[in-house]
Amino acid sequence: MLSLFGSAELQAVKTEQERPVQSQTADPGAIWEQCLAIIKDNVSSQHYRTWFEPIKPLRCDGRELVLQVPSQFFYEWLEEHYYGLLQKTLYQVLGTGARLKYEVVVEHSAETLEQRTIRLPAFRQAGSAPVQVQLPFAPSAPDVADFAAYLNRRYTFANFIAGDSNQLAYSAAQAVAEQPGKTRFNPLVIYGATGLGKTHLVQAIGNRILERNRTLRVLYTTSERFTIEYINAIQNNKTSEFTAFYRSVDVLIVDDIQFFEGKEKTQDNFFHTFNALHQLGKQIILTSDRPPKELRDVDERLISRFQWGLTADIQPPDYEMRLAILQRKSNDEGVEVPRDVLEYIARHVTSSVRELEGCLISLIAKVSLDGRIPTIELAKEVLRGLLGPLDTLAVTMDDIKSAVAAYYKVPVELLESKTRKHEIVLPRQVAMYLAKHLTSLSLKSIGLHFGGRDHTTVLHSIQMVENYLATDPTIAQAVEQLKRKLKM
């Protein structure tokens, strides 16, 4: 085994709180434990176990901490995803002017005959030499080149699947990204249930804006982080710096504004921040799990401002969109998953894009790590583990209409229309028959799903299909195939 060392000195920057200088040599384990206590409160338990528990503290001399990480990939992931968190944590524990060194262990090979070193700087910025990165609320705002946007670069419009369930939000997001602060969509509020892609979409706006104009100051934050930073600013007599920092941005993206509920002082500060930015023509983008007017314990004047621009919702994806998401994700992962397996997952995971992708990732993990073959049986196993017994996964009307429309090669919209053409009437009747036998819906409810037809029309359609089953082998075969597909 041999080690590759790299380091970069952190420029001295004023922080919210001055820390005493550590002794010349300190216990690296104790120092790292202090860091971990802060980090643990800022990342999920899974990410903590994956990316921080494997790190080993080696030594600490004054304000220089040396950490050992398992691989260069591990180091690069930390730098890309936890840049800001590691920096703030080290400043808080060791004080200003702190330095971090990574020691990356690599395997000895025949080609590597002697020790060699390469520089792996901590707190770097991709594609550039280490630069000063000033923390929020410092007496003077950081230069644009040093401004941390806190955006995930993987969240782009290119890998966002648009469909009927999110079309308005997607179109508005693109318009804002092209002309931030210059459209009527200010603020842009995107709401919807958890896991439908709100965070992806608003961060895609930020990434596109920075692609087009690197001089703009784009900031992504959450309502929770805004609240915590405001409380810290009050405790440390830094409210003026806090206010100045947030009013200095050109594009402010705040995720999950529903968590402002009941926080009166925070709401008051955000109200004035909102007004200042809006009056300056700066772009404000917000997300919520429900429409602004349904937020509870939020000041009416703040809700009124949330409604000044455009409020767009994101609904759960329909079958076609769920399938498209799975196809894109499997291609991105470089794993070929048969279409019938993707269709099976798309039919049974209906409520959340995040849940949908989670099921696919679990299946791909079994294929890649366990050498399994991606079959419907494997998909059933994955879904049972994540969603419970399969008999609780009900067939929906969307499933039925999509399956019938695909089988007969007709648009779903025509099944719901008033047309009486035979090539549409028969598929519509088959769909109604399947709805009666595969769902618990009443005849009246089934009729509402097909253009508002009454229960007598639905009953007639069911009787017609039952007659066909006894006399027409082609239709009988079609119904049997559709039943099998929907019940998989």
Side-chain angles (χ1 to χ4, degrees), residues 161-168 313-327 338-351 356 376 379-380 390-488:
I161 302 293
D164 291 341
S165 63
N166 59 23
Q167 189 59 58
L168 176 60
D313 70 325
I314 295 182
Q315 295 293 327
D318 56 22
Y319 171 80
E320 288 78 9
M321 185 174 171
R322 296 196 298 272
L323 184 57
I325 291 170
L326 291 172
Q327 289 172 327
R339 183 181 175 87
D340 61 340
V341 176
L342 297 179
E343 289 175 346
Y344 177 82
I345 297 174
R347 279 199 303 276
H348 290 98
V349 184
T350 61
S351 60
L356 190 71
I376 289 177
K380 288 181 180 180
L390 293 182
D391 56 9
T392 65
L393 306 176
V395 176
T396 68
M397 282 301 307
D398 283 343
D399 296 336
I400 293 171
K401 287 189 284 188
S402 295
V404 171
Y407 185 89
Y408 284 101
K409 296 181 174 57
V410 298
V412 172
E413 294 76 17
L414 287 182
L415 297 180
E416 302 165 350
S417 70
K418 299 295 184 181
T419 180
R420 298 293 303 166
K421 293 181 179 179
H422 177 73
E423 59 268 25
I424 303 300
V425 170
L426 177 59
R428 184 190 296 135
Q429 290 175 336
V430 170
M432 290 181 180
Y433 172 86
L434 292 170
K436 174 61 178 174
H437 288 84
L438 299 180
T439 75
S440 58
L441 296 176
S442 65
L443 296 179
K444 181 178 180 180
S445 295
I446 293 172
L448 292 175
H449 284 277
F450 292 93
R453 289 173 167 79
D454 60 35
H455 73 284
T456 57
T457 302
V458 177
L459 183 60
H460 172 73
S461 297
I462 294 170
Q463 291 172 341
M464 288 297 295
V465 174
E466 288 175 345
N467 292 337
Y468 290 141
L469 292 178
T471 60
D472 190 326
T474 302
I475 295 178
Q477 182 181 13
V479 170
E480 188 59 32
Q481 287 183 10
L482 287 165
K483 275 186 178 181
R484 283 202 304 272
K485 188 170 186 177
L486 288 165
K487 292 167 70 176
M488 282 194 304

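Numbering of residues begins at 1 and proceeds along the displayed sequence.
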Worked check of side chain to side chain contact (heavy atoms under 4.5 Å, CB included) between M321 and D164: CA-CA 8 Å; M321 185 174 171; D164 291 341; over 6 Å; no

Side chain to side chain contact (heavy atoms under 4.5 Å, CB included) assessment of Y468 paired with V479: CA-CA 10 Å; Y468 290 141; V479 170; over 6 Å; no

For R322 against P317, the heavy-atom pair lying closest together: NH1-O, 2.8 Å

Pairwise side-chain contact, L326 with V349, heavy-atom cut-off 4.5 Å (strictly under): no

Pair S402-E320, side chain to side chain contact (heavy atoms under 4.5 Å, CB included): steps then yes or no: CA-CA 8 Å; S402 295; E320 288 78 9; 3.1 Å; yes

Minimum-distance pair of heavy atoms, taken over all atoms of L469 and A476: CD2-CA, 3.5 Å

H437 atom NE2, over 12 foreign heavy atoms within 6.0 Å: yes

Exercise: identify the closest heavy-atom pair between L482 and A403: CD2-O, 3.6 Å

Min side-chain heavy-atom separation V430-Y408 under 4.5 Å: yes

Atom CG of D472: over 12 foreign heavy atoms under 6.0 Å: yes

Stacked cation flag K401 on F450, 6.0 angstrom / 45 deg: yes

Minimal non-hydrogen separation, A162 against Q167, with atom names: CB-OE1, 4.3 Å

Separation of Q429 CD from H460 NE2 (nearest 0.5 Å): 6.0 Å

From I446 atom CD1 to M397 atom CE, the distance as rounded to the nearest 0.5 Å: 6.5 Å

Heavy atoms from other residues, nucleotides or ligands near NZ of K418 exceed 12 (cutoff 6.0 Å): yes

CD1 on I376 to NZ on K485, rounded to 0.5 Å: 9.5 Å

Nearest heavy atoms of L414 and I424, plus distance in Å: O-CG2, 3.3 Å

For the student: nearest non-hydrogen atoms of I400 and A431, plus distance: CG2-O, 3.6 Å

Distance (rounded to the nearest 0.5 Å) between L443 CG and K436 NZ: 5.0 Å

Heavy-atom check, side chain of L426 versus side chain of I475, under 4.5 Å: yes

Nearest-0.5 Å distance that lies between atom CZ in R428 and atom CD in E423: 10.5 Å

Evaluation steps, side chain to side chain contact (heavy atoms under 4.5 Å, CB included), between L323 and R339: CA-CA 9 Å; L323 184 57; R339 183 181 175 87; 3.4 Å; yes

Atom pair CD1/CG of I462 and N467 - distance to nearest 0.5 Å: 12.0 Å

